[in-house]
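One structure is given below, encoded as C-alpha cells.
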2 protein chains.
Amino acid sequence: MHQDLGSAPRPNTRMRILAACRELFNERSPADVTTAQIAAAVGINEGNLYYHFNRKEQILEALFGEFERGLREVAAADLTQSDDPARYSGYLSGWFSLMWEWRFFYRDSALIFRLAPSLRPKVQALSDHGQEQIRRVLGNRRKAGLLRATDEEIDQLIVNAWIVSTYWIDYLRSRHGVADITREQLNWGASQIVSLFRPYLTAAGLEMFDIKPDPDTLAQPD
Amino acid sequence: MHQDLGSAPRPNTRMRILAACRELFNERSPADVTTAQIAAAVGINEGNLYYHFNRKEQILEALFGEFERGLREVAAADLTQSDDPARYSGYLSGWFSLMWEWRFFYRDSALIFRLAPSLRPKVQALSDHGQEQIRRVLGNRRKAGLLRATDEEIDQLIVNAWIVSTYWIDYLRSRHGVADITREQLNWGASQIVSLFRPYLTAAGLEMFDIKPDPDTLAQPD
DNA sequence: GTCTATAATGAGATAGAC
DNA sequence: GTCTATCTCATTATAGAC
C-alpha cells in the first residue's frame, strides 16, 4: 500500500544480492568469491551484505531454494504427457538449460557442501524426487510401448542417466577444459543421454526421438 | 653402503608424509586437512613438513604421480588380451579398486584443482590416455565378435562409461550420503558399467561377462 | 633434517554510528 | 537499511637455532 507503483520499483537489495551471486558463482566457484567481492558487485558495503545474510551459507541456501523450484517445474513438465513429438525431443534440452542456469551447483557441489553442509540432505531429497519422476516417465513410456526394458534395466538406466546428466558440466570442464559451455556442448550432453535409452526404444519410441530405426538392433515390443 | 640393512629401515620422512596424506585425504578432503594436522599425523613438526614440501600443492603433485603410475598400469592390464573369462569380469573391479585407493582424487577434484591448479592439465592428459585405452579395448572386442556397435555408438559408450565410473564415488556420496564405501557398492558401480555395454554385446560377449543371453534383445554378430 | 618460534595473510563476521 | 571501523581466527609459510 505504501509502495508507489508508478516509479520503477528498484529490486530490493536482498534480490540484487542473490542475482549477483548467481552470476558470480557461475563464473567462478562460490569458494573463490569473497563476501567483499559480492558486496562490490552489488554496489553495497560489506556490512550491509551481512545485514541481509549474516552467514555466507545463507546466500547459498536461498539460491538453492530458487534452483529447487526450477528443478521441480522441469521434472514435472514431462509428466503432462502429450503425443506431440516435439515435447519428447525438447524436454531434455529444457533439463539441460536449467542445469546451465545453475551450473555452479553441479560444477562445485563439493565446495558448496563444504560451505553449506545444510544443503546436503536437501540435495539428496531433490535427487530422490528427480529420480522418482524419471521412473514414472519411463514407466509410462514402457506402458505406451515406446520402451522395452525389464525393471532391473530401468533401475540401471535411471542411475546411469542421472549420473551422466548431473556430471556432464563437470565432465566437460575436467576432461576437455571447457570453461564456457556452449549450447552445442549442452546438446551433446543431451545426445549422450539419448544414447543410453536408445537400445531400449521400440520403433515407435525411436520415432519420438527422431531416430532412424535400425532393424537389427531394434527392441521388440512385448 | 652406509645403511645398516640389518636394522628395520624406517621409511624416510618424505614417504611417511605422502602415506599419511593419502590416508588423511581419503578420510576428508585435502582442503579440510591442515598442514598442522598432517605434521601431527606423521609425528613431526610443521616446520619440518615445510622442509620436505614447501607448498601444500607439492604434496598433491607427488601423490598424483603415484596415482598416475597405478592408473596406467590398470589401463594397460586389459590390453594383454587373453581368453580367460575371469580377466574380463575381473579387470573392471581392478579399475574400481584403484579408484577406491585414490578416492579423494575422484571425490574432491574441484577442491584439488583449487589447491593445485598445476594438476588440471595432467588430469586431462591422463583422461585422454585412459579413453584411448578403452577405445582400443573395445575395438579389439568388436573385431573378436564380442561386441557389435557402430563407431558412433562406441564413441558414446566410451564417454558414458567414463563419466559413470569417474563420478561413481561422488554419486554414492551426494545421492546416498555414503561416506565409507563398501566393496559391495564398488561392485554396484562396476555392474552399472556392465549395463552400459550389455545391449551391445553378442552372445559370446555376454558369456565373457557371465550374463545370461536374452534372445530377444541380443546384438546380432555382423 | 628437525625443531621452536613467529610472521603474514586474508577471510568471515560484528558493533555501533548514521 | 546502510555505512565505517574493527575483530577474530585459522592457516599457510618463513627465519633461524640446534
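The chains referred to below are lettered A, B, ... by the order of the sequence lines, with proteins before strands, and numbering in each begins at 1.
- Side-chain N/O atoms of A:Asn160 and B:Ser195 include a donor and acceptor closer than 3.5 Å.
- Following rounding to the nearest Å, A:Arg16 (CZ) and D:dG1 (C1') show an atom-to-atom distance of 12 Å.
- The interatomic distance linking B:Gln58 (CD) with D:dT12 (P) rounds to 14 Å, in whole Å.
- The closest side-chain donor-acceptor pair between A:Gln124 and A:Asp128, if any, does not fall under 3.5 angstrom.
- Axis orientation changes by 0° from one end of the helix from C:dG1-D:dC18 to C:dC18-D:dG1 to the other, with each end axis drawn from 5 pairs and the value rounded to 10°.
- The stretch residues 42-69 of chain B participates, sequence neighbours left out, in these salt bridge (charged side-chain N to carboxylate O under 4.0 Å, His left out) pairs: B:Glu68-B:Arg72.
- The distance from atom NE2 of B:His52 to atom P of D:dA13 is 16 Å, rounded to the nearest whole Å.
- Taking 4.0 angstrom as the limit, A:Asn48 places a side-chain polar atom (N or O) nearer than this to OP1 or OP2 of D:dT2.
- Counting to the nearest Å, the P atom of C:dG1 and the CG atom of B:Asn12 are 8 Å from each other.
- Ion pair A:Asp170/A:Arg103 not flagged as a salt bridge, since none of the NZ, NE, NH1 or NH2 atoms sits closer than 4.0 Å to an Asp/Glu carboxylate oxygen.
- Residue pairs meeting the ring-ring contact (aromatic ring centres under 6.0 Å, His included) criterion with at least one member in residues 16-40 of chain A, sequence neighbours excluded, are A:Phe25-A:Phe104.
- The aromatic rings of B:Tyr167 and A:Tyr167 sit parallel to each other, their planes meeting at less than 30°, with 60° as the upper class boundary.
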Base-contact (B) and sugar-phosphate-only (S) positions in nucleotides 6-13 of chain C, heavy-atom cut-off under 4.0 Å, - elsewhere: -----SSB
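- Put simply, B:Tyr51 has no side-chain N or O that comes within less than 4.0 Å of OP1 or OP2 on C:dT2.
- Computed from coordinates, the A:Asn45 CG to D:dG1 C1' distance equals 12 Å when rounded to whole Å.
- Protein atom CD of B:Gln37 is 12 Å distant from nucleotide atom P of D:dA10, rounded to whole Å.
- At a cut-off of 3.5 Å, with distance as the only test, no side-chain donor of A:Arg120 or B:Ser174 sits close to an acceptor on the other residue.
- The separation between B:Leu115 atom CG and D:dT12 atom P is 8 Å, rounded to whole Å.
- Residues that satisfy the side-chain hydrogen bond (donor to acceptor under 3.5 Å, both in side chains) test with A:Asp155, not counting sequence neighbours, are A:Arg135.
- With sequence neighbours left out, B:Gln131 forms a side-chain hydrogen bond (donor to acceptor under 3.5 Å, both in side chains) with A:Tyr171, A:Arg175.
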